[in-house]
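Before anything else, here's the structure in question.
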Number of protein chains: 2
Amino acid sequence: MARNQEQNEKMREERQAMIRAEALRQFAAKGLAATKIKDIAEGVGMAQGLIYHYYPSKEDIYVELINHALDKMNEAVYNLAGMPEPPDVKIKMAISEMLKTIDASRDFNQTCRLIAGAANSSVLPAAAQELIGKKRDIPYQVLAGIMEAGQGEGTIIAADPYELAVIFWTTVNGLAIYQATRPDPIPMPPARILYNMFLVDRDND
Amino acid sequence: MARNQEQNEKMREERQAMIRAEALRQFAAKGLAATKIKDIAEGVGMAQGLIYHYYPSKEDIYVELINHALDKMNEAVYNLAGMPEPPDVKIKMAISEMLKTIDASRDFNQTCRLIAGAANSSVLPAAAQELIGKKRDIPYQVLAGIMEAGQGEGTIIAADPYELAVIFWTTVNGLAIYQATRPDPIPMPPARILYNMFLVDRDND
DNA sequence: GTCTATATCCAGATAGAC
DNA sequence: GTCTATCTGGATATAGAC
């Protein structure tokens, strides 16, 4: 009956979610080529062949993760852009939040590593390549917009806004990867050191 | 005769250098697992099997490249530390130099990507793992020393020197990777935006 | 749905002719 | 030294029993 079908659907999606979570861990740590289906299956405690009951191929899992990771990142950035605060405050908030997240969230760091690994690789599934091409630049563009607005208000330093956005993201990204690849994490540096880069008037809280 | 042996030796080393150069390109772009011996062989224009006349295995090539990359990076850092200039000037010089190098040198960016890829991977040949463990932290430590000296002279901002060193390297590294993974390179941002992060008195050249 | 067994393919490494 | 041909292992994906 319909009730049972619903339940089955739910079970199936839970299983898929488990597979995705395990795959994210492994793809983030080892990349696509070095991660074996067998490893993922062992990670979730099922037989190797059973994975194919839930996903048609290793690459499909990978592409789905990449897509989700990019969307998540972009959604967060759009949220930031839509806030009512003035641009310089947005930058300060964003950096503080990112550092906190890097410190606390394994999932976020894995997401960063996944995207970084994909961006750094020239051999990706065609679908992943396309997604990256389409969605990867959005955070840079949105941030550049915020920087430009801040320059209009005289709170952000004079420089090419896109270059400022690049500095912003490469810095945050670099820290996330640093943290994710160290056995013992270091405390994140004070956010003001980073956001003072962009501010006309330094903040010494 | 000895003359011929010398010549043969030289030829052999040249071939090995060609293999290393091609392998660096490919490992940097694709990582260890996704790079096939066949690709490297094709890149240098020799038969797949012939590679094994020059190197015992794919992993051996990789380990040699990792070792060389780490040594090159560390040598540059020791050079910087040994210079007579005051710490704040060293920081400014170092950032300016790095940005110039990122802009100009493909080889340097490939080296960055190789190290970053290795650091980001949890499945490395044992020998590579060991090398990374031993040599990877040196640049951070040396930079921390310079930061600390600058704090003593009152030119570098107050903060944990190691955290400052981490910011320094993750920023530079992030930019190098950004540049290396874009089809059309962007102009590097002005160095002062970056080094002003660390300076008590901002520099507005 | 889940497992075991297996077909198939691909890539690392070796052998042997030239 | 260089090539082609081949051995071998491992990994993806499928088949079929339960």
Just checking A:Tyr54: base, sugar-phosphate only, or nothing, at a heavy-atom cut-off of under 4.0 Å?
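Result for A:Tyr54 = sugar-phosphate.
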Picking from C:dT4, D:dT12, C:dG1, which would you name as closest to the side chain of A:Ile37?
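Of all the options, the side chain of A:Ile37 is nearest to D:dT12.
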Take atom NZ of A:Lys38 and atom P of D:dT14, then tell me their distance rounded to the nearest Å.
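Atom NZ in A:Lys38 sits about 19 Å away from atom P in D:dT14.
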Sequence neighbours left out, cut at 3.5 Å: what donor-acceptor pairs do the side chains of residues 73-87 of chain A make with other protein atoms?
{"residue": "A:Asn74", "atom": "ND2", "partner": "A:Leu70", "partner atom": "O", "Å": "3.4"}
{"residue": "A:Asn74", "atom": "ND2", "partner": "A:Lys135", "partner atom": "O", "Å": "3.2"}

Among D:dA13, D:dC3, C:dG1, which is the nearest nucleotide to the side chain of A:Lys58?
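Selected nucleotide (nearest to the side chain): D:dA13.
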Please tell me which of A:His53 and B:Thr35 maps to the more 5' nucleotide of DNA chain C, matching each residue to the nucleotide holding its nearest heavy atom.
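Of the two residues, A:His53 wins.
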Considering all heavy atoms, the nearest A:Ile132-A:Ala118 contact
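Reported closest heavy-atom pair: CD1-CB, 3.6 Å.
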SB check B:Asp137 A:Arg182 (cutoff 4.0 Å)
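Salt bridge flag = yes for A:Arg182 with B:Asp137.
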Using atom CD1 of A:Ile51 as one end and atom C1' of C:dG1 as the other, report the distance to the nearest whole Å.
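Spelled out: CD1 on A:Ile51 to C1' on C:dG1 is 13 Å.
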Separation of atom NZ in B:Lys36 from atom C1' in D:dA11, rounded to whole Å
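My rounded result for the distance is 10 Å.
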I need the CD1-C1' distance between B:Ile40 and C:dG12, as an integer number of Å.
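Going from CD1 in B:Ile40 over to C1' in C:dG12 covers 12 Å.
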Give the ring-plane orientation class for A:Phe27 versus A:Tyr62, where under 30° counts as parallel, over 60° as perpendicular and anything between as tilted.
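Correct class here is perpendicular.
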Would you mind reading off the distance between A:Glu42 atom CD and D:dG10 atom P, rounded to a whole angstrom?
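It is 14 Å, rounded to the nearest whole Å.
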Among D:dG1, D:dT2, C:dA13, which is the nearest nucleotide to the side chain of B:Arg12?
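Minimum distance to the B:Arg12 side chain belongs to D:dG1.
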Please confirm whether the shortest side-chain N or O distance from B:Tyr52 to OP1 or OP2 of C:dA15 is below 4.0 Å.
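So the side chain of B:Tyr52 is outside the cut-off, no N or O lying under 4.0 Å from OP1 or OP2 of C:dA15.
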Let me know the distance between CG of B:Leu50 and C1' of D:dA5, rounded to the nearest Å.
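Atom-to-atom, B:Leu50 to D:dA5, this comes out as 15 Å.
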Between the base of D:dA13 and the side chain of A:Gln48, is there a donor-acceptor distance below 3.5 Å?
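Pair found.
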CD of A:Glu9 versus C1' of C:dG1: gap in Å, rounded?
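Atom-to-atom, A:Glu9 to C:dG1, this comes out as 14 Å.
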Just checking A:Met46: base, sugar-phosphate only, or nothing, at a heavy-atom cut-off of under 4.0 Å?
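Sugar-phosphate, backbone atoms only, no base.
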CD of B:Gln7 versus C1' of D:dG1: gap in Å, rounded?
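Rounded to whole Å, this separation is 16 Å.
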For atom CD of A:Gln141, decide whether the heavy atoms of other residues, nucleotides or ligands shown that lie under 6.0 angstrom number more than 12.
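Yes.
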